[in-house]
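Report on one structure; see the data block that follows.
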Amino acid sequence: MTPITLKDQFGRSIEYLRISITDRCNFRCVYCMPLEGLDWMPKAEILSYEEITEVVRQLAPLGLRRLRITGGEPTIRPDLVTLVRMLKNVPGIEDIALSTNGVKLPELSAPLRDAGLDRVNISADSLRADRIAAIARRNFPFDPIASAQAAEDAGLDPIKLNVVVMRGINDDEIEDFARLTLDHPWHVRFIELMPVGDMANLTFEHVVPSDEVLKRASVHGELTPAAGPARGNGPAAYHRYAGAPGTIGVITPMTHTYCGSCNRVRLTADGRLRTCLYGDHEVNLRDPLRAGAPLEPLFRRALAEKPLEHNLLQLKVGGLRALSQVGG
Ligand code: SAM
Ligand code: SF4
């Protein structure tokens with residue numbers, strides 16, 4: 001039977017769900033979370049793995065194909081491998097990705113791959129140990145290159161490294177990150193800093209426009225537009241040095257919007273379906289789910305209200321304190 005595709009009010013079909021499985025994190029990245037943490041969601045309000053899987057099971061017949069597990073930091077929730085296996089077994093789900101700070105990838109990459117994880121995005125804002133600790137405000141022994149290598153060795157593909165560029169803080173590493181693509185089949189993506197929530201003294205002055213990033217990365221050779229990774233091609237625009245195995249992507253929430261092709265919705269850890277990263281468009285799925293009600297009418301209502309584009313550029317950020325609350 002052909003699935004009835006879920007479309008929003010502007011005709012964009014929705015086949016991609018980002019699932020936040022925890023709002024907690026072992027880092028306190030300066031652009032994401034206050035040092036003292038947030039008001040964590042009580043455990044009873046957080047969807048169990050069975051409940052998350054049930055939401056996916058009800059969305060899959062409507063056209064859902066791809067999932068991303070995120071947070072907070074998803075690898076700190078116990079037994080993540082079990083969730084990946086449960087989701088991979090839902091008929092219709094073709095692709096599962098993970099967003100992580102990478103700390104646990106050396107030990108988790110192989111079991112996650114075995115459970116059905118397809119690919120991984122690793123947040124890496126510096127290649128220098130002291131600076132990683134200063135940005136994450138935690139001092140773990142952590143080497144993003146070793147984590148990316150562990151993921152590659154386990155067969156996860158593609159591997160993306162996400163760098164939030166901040167002027168005066170890590171922008172002097174643009175060239176070092178870009179150089180990685182000459183030696184590794186990795187996709188290094190530079191993300192423009194977004195002004196949400198309680199950010200430790202970060203302002204618009206710390207935003208480095210992506211055009212400048214590409215210009216600075218050109219120090220290693222001419223960059224030409226390239227196709228991105230075969231799978232999981234999201235909002236990034238990709239470029240490549242001649243002959244390089246990896247690519248350089250830029251994600252430009254501040255200087256360009258890519259909402260017109262947005263095909264994603266988000267599930268928060270406490271079971272709210274958000275149709276836009278910003279603003280307050282969301283529907284509570286948890287309570288109806290726990291009451292045994294069908295979710296399809298709620299999906300349809302949420303999509304009917306999905307906005308055409310976010311209002312970040314007008315700086316109406318809709319009470320969002322941190323991306324960790326909605327899964328980035
Ligand atoms: N903990 C995981 C991680 O760090 O990849 C997943 C959650 S994190 C909220 C998802 C993504 O959001 C990360 O790539 C992070 O760099 C990005 N992010 C968080 N706050 C941001 C901000 N203010 N501006 C730009 N990107 C941000
Ligand atoms: Fe944690 Fe990811 Fe936010 Fe950093 S960006 S504080 S790793 S959730």
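These values consider heavy atoms only, across backbone and side chains, with no hydrogens, waters or symmetry-generated copies. As the structure lists them, so they are numbered: ligands from 1, and atoms in each ligand from 1.
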Next on the checklist: Can a donor-acceptor pair be found, under 3.5 Å and without considering hydrogens, that links the side chain of R301 to the backbone of E296?
Outcome noted: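 No; zero donor-acceptor contacts below 3.5 Å.
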Next on the checklist: Determine whether a donor-acceptor pair (N or O, by modelled atom type, separation under 3.5 Å) exists between the side chain of R189 and the backbone of L161.
Outcome noted: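 Checked: no pair found.
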Next on the checklist: Once side chain to side chain donor-acceptor pair (under 3.5 Å) is applied, do any residues pair with N139, and if so which ones, sequence neighbours excluded?
Outcome noted: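 Counting only residues at least two positions away or on another chain, N139 forms no side chain to side chain donor-acceptor pair (under 3.5 Å).
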Next on the checklist: Filter on salt bridge (charged side-chain N to carboxylate O under 4.0 Å, His left out), then keep only pairs touching residues 50-61, sequence neighbours left out; what's left?
Outcome noted: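 For residues 50-61, and leaving out neighbouring residues, the salt bridge (charged side-chain N to carboxylate O under 4.0 Å, His left out) pairs sorted by first residue read E51-R290, E54-R57.
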Check: [X] N/O within less than 3.5 Å of ligand 1 N/O:
{"X": "G72", "answer": "yes"}
{"X": "S123", "answer": "yes"}
{"X": "N121", "answer": "no"}
{"X": "G71", "answer": "no"}
{"X": "Y31", "answer": "yes"}

Where is the tightest heavy-atom contact between [X] and [Y], given as atom of each residue plus distance?
{"X": "C25", "Y": "W40", "value": "N-CH2, 4.4 Å"}
{"X": "T247", "Y": "H187", "value": "OG1-ND1, 2.6 Å"}
{"X": "H220", "Y": "L182", "value": "CB-CD1, 4.2 Å"}
{"X": "L285", "Y": "L295", "value": "O-CD2, 4.0 Å"}

Checklist entry - Are any of the side-chain nitrogens in D118 or K88 under 4.0 Å away from the carboxylate oxygens of its partner? => result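 Yes.
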Need the ligand 2 atom indices (1-based, order shown) with element for anything under 4.0 Å from a heavy-atom of [X].
{"X": "C25", "result": "1 (Fe), 6 (S), 7 (S), 8 (S)"}
{"X": "N101", "result": "7 (S)"}
{"X": "G72", "result": "8 (S)"}

Next on the checklist: Tell me the nearest of T100, V164, V103 to atom 16 (O) of ligand 1, using heavy-atom distances.
Outcome noted: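 Going through T100, V164, V103 one by one, V164 has the nearest heavy atom to atom 16 (O) of ligand 1.
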Checklist entry - Which option out of M194, H206, E73 puts a heavy atom nearest to atom 24 (N) of ligand 1? => result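 It is M194 whose heavy atom sits nearest to atom 24 (N) of ligand 1.
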Checklist entry - For ligand 1, which atoms have a heavy atom of E192 less than 4.0 angstrom away? => result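 Taking each heavy atom of E192 in turn, ligand 1 has 25 (C) under 4.0 Å.
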Checklist entry - Against heavy atoms of T70, which atoms of ligand 1 measure under 4.0 Å? => result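 Result: 6 (C), 7 (C).
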Next on the checklist: In this structure, does ligand 1 have an atom that sits under 4.0 Å from one of the heavy atoms of G102?
Outcome noted: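 Outside the 4.0 Å threshold, so no.
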Next on the checklist: atom 3 (Fe) of ligand 2 and C32: any N/O/S contact shorter than 2.8 Å?
Outcome noted: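 Yes.
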